[in-house]
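Read the structure below first, then the notes.
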2 protein chains.
Amino acid sequence: MREKTTTFVLLGVLAAGGPMTGYDLRGWINGAIGHFWSESFGQIYPELKRLTAEGLISAAAAADGRKPYRITPAGRTALTAWLERQPQAETVRSELLLKLYFGRFLGTETARDLLTGARDRAGDRIAELETAATDLRRGETRGEELLFSLLVTDRGIAAARAERDWAARALKAVDALEDGGPDAALASLR
Amino acid sequence: MREKTTTFVLLGVLAAGGPMTGYDLRGWINGAIGHFWSESFGQIYPELKRLTAEGLISAAAAADGRKPYRITPAGRTALTAWLERQPQAETVRSELLLKLYFGRFLGTETARDLLTGARDRAGDRIAELETAATDLRRGETRGEELLFSLLVTDRGIAAARAERDWAARALKAVDALEDGGPDAALASLR
DNA sequence: GCCCCCATGTAAAATGTTACATGATTAG
DNA sequence: CTAATCATGTAACATTTTACATGGGGGC
């Protein structure tokens, strides 16, 4: 069986946040690392079952409806081994860029809509992540945990800023295209 | 049947590049838009069959082993309709950020390796895309086609620069962590 | 009483990659 | 002759999302 990342996200969150249920795991993932990772129940529950069978996690007695899991020593070993491997090159897939690339089949109007949408979403994202960073600094998390949380948040902010600024530039080029044609637009990119 | 993006990539490339075979399509996608999209043969060939059945593309007589497809008027209509819809919010999934987030279970050494790897890959990417941009400007592509090609390349460069600069900053924070502990590292992030 | 949140799980469908099978043509 | 590239396609597998089914508890 090939290694799927879901395995290690679950192990990592259980290591970082202590024992929790499948439902809790989903909430944790959505909240703390939601801006660069996601998992659905359809993956979480079957995977928890499998990890239990493999001995990497163990389930406490299901008291009420809840069934909290904790990471085992074997699970920690597996997590550490995964963490130490260089990540695979990431495959980017952007529907926005695809549409913009086919921009010559689009009216100027539509291209503009595409780009203002992207710029605004990036702006919202920046605000959101900056708030998250402030909250983190003010919160009770300390030491290395805080440091690494801030580092990944910063990466999100940096990426969103680059996106917003690029969209603004591209928007100017589209304006120039409308006013002065392709050559004017190309000149505006310099 | 839900709309899969593969459909429209194929339609778009046929509209942009003229009639071509499944093999050509793959090459075109890898080359021109490979930095933000990819398709495998396993998706391309079945999809070409389906699109033919739907009347969105048509196959010329298979002369030698080749079977070139062209987009039909119905295909152009479908493409335009898709282009005009705002793209779905993109789901980012970064294994690197995941590993870094769990950085407190990592040695400083490993965190550094992760980040130098990311920084160097981003650097390579910048060089590659800058070359691509230069080649585009020097090539025979003109007008809107050139403009939109450059716009999407620029977005790749902007994203890669943001990544490289962030990784360099994060690396300094990890150095500070080793020298002066978490508080020194946090201070270095200001 | 009803709606929302908590909580677990399964099933089906969609999407995507990798491996395999086959054969022609071309460059060294 | 041999390796690479061109070319088509299928099958198996892996991954991921969405929809469904079920039920408890708390607030209004």
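Order of the sequence lines sets the chain letters (A, B, ...), proteins ahead of strands, with each chain counted from 1.
In the set D/dT15, D/dT8, C/dT18, the nucleotide with an atom closest to the side chain of B/T21 is D/dT8. Looking at the side chain of A/T6, the nearest of the listed nucleotides C/dA7, D/dT16, D/dG9 is D/dT16. For A/Q43, taking side-chain heavy atoms from C-beta onward, the closest of the listed nucleotides D/dT16, C/dT10, C/dA7 is D/dT16. For B/K49, counting side-chain heavy atoms from C-beta on, the closest listed nucleotide (D/dT16, D/dT10, C/dA7) is D/dT10. In this structure, of C/dT8, D/dC6, C/dT10, it is D/dC6 that holds the atom nearest to the side chain of B/Y23.
By the 4.0 Å N-to-carboxylate-O rule, B/R85 lies close enough to B/E3 to be salt-bridged with it. Using a 4.0 Å cut-off between charged side-chain N and carboxylate O, B/E163 and B/R121 make no salt bridge. A salt bridge between A/E109 and A/R112 is present, with a side-chain N of the basic residue lying under 4.0 Å from a carboxylate O of the acidic one.
Closest-nucleotide positions on DNA chain D for B/R93 and B/D64 were compared, and the one nearer the 5' end corresponds to B/D64.
Within 4.0 Å of A/D24, counting heavy atoms only, lie sugar-phosphate atoms of the nucleic acid but no base atom.
Here C/dA7 presents its C1' atom at 12 Å from OH of A/Y69, a figure rounded to the nearest Å. Atom OH of B/Y45 and atom C1' of C/dT17 are 16 Å apart (whole Å). Atom CZ in A/R50 sits roughly 17 Å away from atom C1' in C/dG9 (whole-Å rounding).
Within the model, atoms OG1 of B/T5 and CD of B/E39 stand 8.0 Å from one another, a figure rounded to the nearest 0.5 Å.
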